[in-house]
Asks: 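Have a look at this one.
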Amino acid sequence: MLLFFNQNYPDESLCSLLYRTAKENFMDQLNWIFINFKDFSGENVIPNEVNWLTGIKLKAIANFLGISMNEAESLTYHPVLEHLGLEVKSVEKNPWFLYSRIKCCPLCLQETVYHRKRWACSYTLICSKHKVLLMDRCPFCNCLFDMLSIIKNQCKGCNSNISDYIPTRVDADSILVDFQLTIDHLLNESYFQFDHNWIKDKKGLINALEFLGCWSARFLNKEELFCEELCIGYNGRALERNHLKNAKQIEHAICIYIFAFKILQHWPRKFHDLLRQSEKKNKKEYRYFIQNTVPTLYGSNLSPISSELNNYIAYTHLNLDKQKNYLRSDQIRLITNKFDAGVIESNLIPIYRTKYLQQPVSLVCTNDLFYFMNMYENSISKEQLRMRWNTSAKSTFSLLQNNLLENVFNFKVGPLTTWVIPLISVESFESKLRSLSSNSMDSPITIRNAMEWISPSNSIILMKGILNRRITICISNIKLADSTVSKSKVYHYVTEAFISGGTTDGFISIRELIFILGVKKSDIIHWIKTGRFGSFSYSGEDNIPISTFQYFNDQFITTLQISMENNIPIKKILKKHQIGKISSVSGPKHRDGNRLLFYRQQIIRTFMGKSS
């Protein structure tokens, strides 16, 4: 058990308080306090992890030191990280706060001997109070400091007093002071203050410094990271794979972070300089950066870095307007959830293509994209149109594919096609249909059933007939597909369209004949085989010569044709046939197919000379 307890100093770390408590309790070896703590709580801790403790172990430390849990937590690094909005996945490798390396200001130790939490921040490089560089090793024996060294104020290598060291002075107008005051403001103040055109919060600034510092160290020669203000060099050993080491020497941290800070201060010119140097000197690393790293920035608070790379390519490799900004096509999806990279294939947005480091790059001007988005801001997809009209997928596709609506376009990404339909075009079309609506109609049928009748792929023919007033429509207040049209007028108009198209093409499809004749495909095949379509070779094709249909139609007529051409219900026709008033030439009674077939001229005479 402890006999004496200490109060913490402002900004003191928990490990510092623990060691000072050991000193207060006259422990010959200050590390004994960890043995005492284990005896007290049954928990094992090591010095480097004390300032990172949470949960049960932190509660045990608080009880051991006679302080509250809240007070103990305030001495760890977690409140600062939370203040900055930063998350730590690995305390040993995190970029924000040092784990094992210790920095200090000897002049601060002259005033009071304890470890300040701010010294542990990776970006605290100088003491802004005394305008001196922090130190992380003994200038006499080069021995690294640890927490015990700070509390004892003694180098463990040569036993010299740390507070007697003479640190390097920094000019008041140095960029290092400017940098450190910025970092101090981040750590201490609740509000954010940094004059920059895209960095808007503390986390954004910290992330930018770390990202630019890391990639500058990867791209450049160590001589190019030399800090001229202090004549400090970088030895190239601060990198660990794709990130900076946690345990960086203070000199290396200065070279890296001040270089990154300069890039931000002179954005985007200094960033373009970095890119220019990188693409010439370190193409392998730079190509990896372009291909693998830049896409990970999309949608993050570092997204402007990827956008500025686009501008660099646009300005230097495509000679585009330097007053404008540019996006890679795969970034479009981040600006709008309506479109993705495939929209560039619509030819509605100017696209600038080039090869950069042997990789194809497609850029769009943000002004062009926003203008395009404004035009199509109120737009719907094919599926939304289908739901609005209650039409089938095939019918909706037919209408869109045949330009029923104005200013509609589509683009493909892989096998998928995306349709963009301006809402104003839909509303204009619906308004036009309402102006054509009539309450007077013979043989009504819903548009949905009419489309299925004529085949969904022919739905555009139905709509054209409505628009040119050849097919009467009655608009429903529910869905377009629930509105009604005249069945007889649909039949006559569509039949005319099929025959006209067949005359132009020289052939007519079996599917169209099924509609015109009102029979099954098997019936048509039977009549072809029995010679009623004339003499021609048929081997199962989907189309037959229009002349063969004309030959058939001149001689014969089906039950549906009689009904539609003479406006007589089919039941009445069948009744006349049953009682012998009209005679068929084909059908079950003749053991000649499954459908009734009549001579056209006989039917004309029977129904008072009505023309076909």
Side-chain angles (χ1 to χ4, degrees), residues 196-201 203-205 207-208 211-212 215 219 263-264 266-276 278-279 285-379 381 407 409-414 416-422:
H196 199 272
N197 62 353
W198 58 266
I199 295 178
K200 304 302 179 186
D201 56 34
K203 182 178 180 180
L205 177 55
N207 284 339
F211 182 86
L212 293 172
W215 284 99
F219 288 154
I263 291 177
L264 294 177
H266 303 283
W267 187 272
R269 179 176 57 83
K270 285 282 187 181
F271 182 60
H272 288 197
D273 290 344
L274 173 65
L275 298 178
R276 190 175 295 105
S278 305
E279 68 181 7
E285 286 277 13
Y286 190 55
R287 188 175 289 111
Y288 178 90
F289 174 74
I290 298 294
Q291 295 174 1
N292 301 94
T293 304
V294 169
T296 67
L297 303 181
Y298 297 168
S300 73
N301 58 5
L302 298 183
S303 183
I305 292 178
S306 64
S307 297
E308 198 54 49
L309 169 64
N310 301 332
N311 289 341
Y312 173 76
I313 296 173
Y315 303 157
T316 60
H317 293 264
L318 286 166
N319 296 317
L320 297 179
D321 188 347
K322 293 184 178 181
Q323 302 303 313
K324 297 180 179 179
N325 293 313
Y326 300 86
L327 289 176
R328 277 169 59 161
S329 57
D330 55 353
Q331 290 178 280
I332 292 176
R333 60 183 172 80
L334 305 175
I335 306 297
T336 170
N337 58 9
K338 286 184 177 290
F339 312 112
D340 56 25
V343 76
I344 64 175
E345 305 302 333
S346 67
N347 297 321
L348 295 174
I349 303 178
I351 184 75
Y352 308 99
R353 304 178 194 272
T354 187
K355 273 203 168 184
Y356 186 58
L357 299 181
Q358 287 76 53
Q359 294 298 311
V361 176
S362 299
L363 300 177
V364 297
C365 175
T366 53
N367 290 351
D368 294 335
L369 178 61
F370 291 142
Y371 177 77
F372 171 81
M373 287 167 54
N374 287 336
M375 284 187 63
Y376 290 95
E377 181 179 9
N378 294 318
S379 61
S381 67
N407 299 319
F409 71 92
N410 67 82
F411 55 91
K412 294 193 72 173
V413 179
L416 300 178
T417 299
T418 298
W419 287 87
V420 181
I421 308 159

Asks: With sequence neighbours excluded, tell me which residues meet side chain to side chain contact (heavy atoms under 4.5 Å, CB included) with Pro268.
Replies: His272, Glu308
Asks: At their closest point, which heavy atom of Val364 faces which heavy atom of Pro350, and how far apart are they?
Replies: CG1-O, 3.9 Å
Asks: Tell me every residue that passes ring-ring contact (aromatic ring centres under 6.0 Å, His included) with Phe271, counting only those two or more places apart in sequence or in another chain.
Replies: Trp267
Asks: Asp273: which residues meet the side-chain hydrogen bond (donor to acceptor under 3.5 Å, both in side chains) condition with it, sequence neighbours left out?
Replies: Arg276
Asks: So, taking the atom named CD1 in Ile332 and the one named OG in Ser362, what distance separates them when rounded to the nearest 0.5 Å?
Replies: 9.0 Å
Asks: Rounded to the nearest 0.5 Å, what's the gap from CZ on Phe289 to CG on Leu275? Could you check?
Replies: 6.5 Å
Asks: Go through Ile305 and Leu212 one step at a time and tell me if the side-chain contact (heavy atoms from CB on, under 4.5 Å) criterion holds.
Replies: CA-CA 9 Å; Ile305 292 178; Leu212 293 172; 4.2 Å; yes
Asks: Supply the atom-to-atom distance Ile313 CD1 to Leu318 CG, rounded to the nearest 0.5 angstrom.
Replies: 8.0 Å
Asks: Report yes if the side chains of Phe211 and Leu297 come closer than 4.5 Å at any heavy-atom pair, otherwise no.
Replies: yes
Asks: Apply side-chain contact (heavy atoms from CB on, under 4.5 Å) to the pair Gln331 and Ser307, showing each step before the final yes or no.
Replies: CA-CA 9 Å; Gln331 290 178 280; Ser307 297; 3.8 Å; yes
Asks: Taking Thr366 for the side chain and Asn325 for the main chain, is one N or O donor matched with an acceptor at less than 3.5 Å?
Replies: yes
Asks: Considering residues at least two apart in sequence or located in another chain, which fulfil the side chain to side chain contact (heavy atoms under 4.5 Å, CB included) criterion with Lys324?
Replies: Asp321, Tyr326, Cys365, Asn367
Asks: Write down the atom of Gly204, the atom of Ile199, and the distance for their closest heavy-atom approach.
Replies: C-CG2, 4.0 Å
Asks: Nearest heavy-atom pair of His196 and Lys200: which atoms, and what distance?
Replies: O-NZ, 3.6 Å
Asks: Can you establish whether the number of heavy atoms outside Tyr371 located under 6.0 Å from its atom OH is more than 12?
Replies: no
Asks: Can you sort out the partners of Tyr298 under side-chain hydrogen bond (donor to acceptor under 3.5 Å, both in side chains), two or more places apart, ordered by chain and number?
Replies: Arg328, Asp330
Asks: Partners of Asp368 by side-chain hydrogen bond (donor to acceptor under 3.5 Å, both in side chains), sequence neighbours excluded?
Replies: none
Asks: Please list, one pair per line, the donor and acceptor atoms closer than 3.5 Å that link side chains of residues 354-361 to other protein atoms, with sequence neighbours excluded.
Replies:
from: Tyr356; atom 1: OH; to: Glu279; atom 2: OE1; distance (Å): 2.5
from: Tyr356; atom 1: OH; to: Tyr286; atom 2: OH; distance (Å): 2.7
from: Gln358; atom 1: OE1; to: Arg287; atom 2: NH2; distance (Å): 3.1

Asks: Among residues at least two apart in sequence or on other chains, which ones pass side-chain hydrogen bond (donor to acceptor under 3.5 Å, both in side chains) with Thr293?
Replies: none
Asks: Could you measure the distance from the CG atom of Leu363 to the CZ atom of Arg353? Nearest 0.5 Å is fine.
Replies: 10.5 Å
Asks: State which residues pass side chain to side chain contact (heavy atoms under 4.5 Å, CB included) with Asn207; sequence neighbours excluded, sorted by chain then number.
Replies: Leu86, Trp96, Lys203, Asn301, Leu302
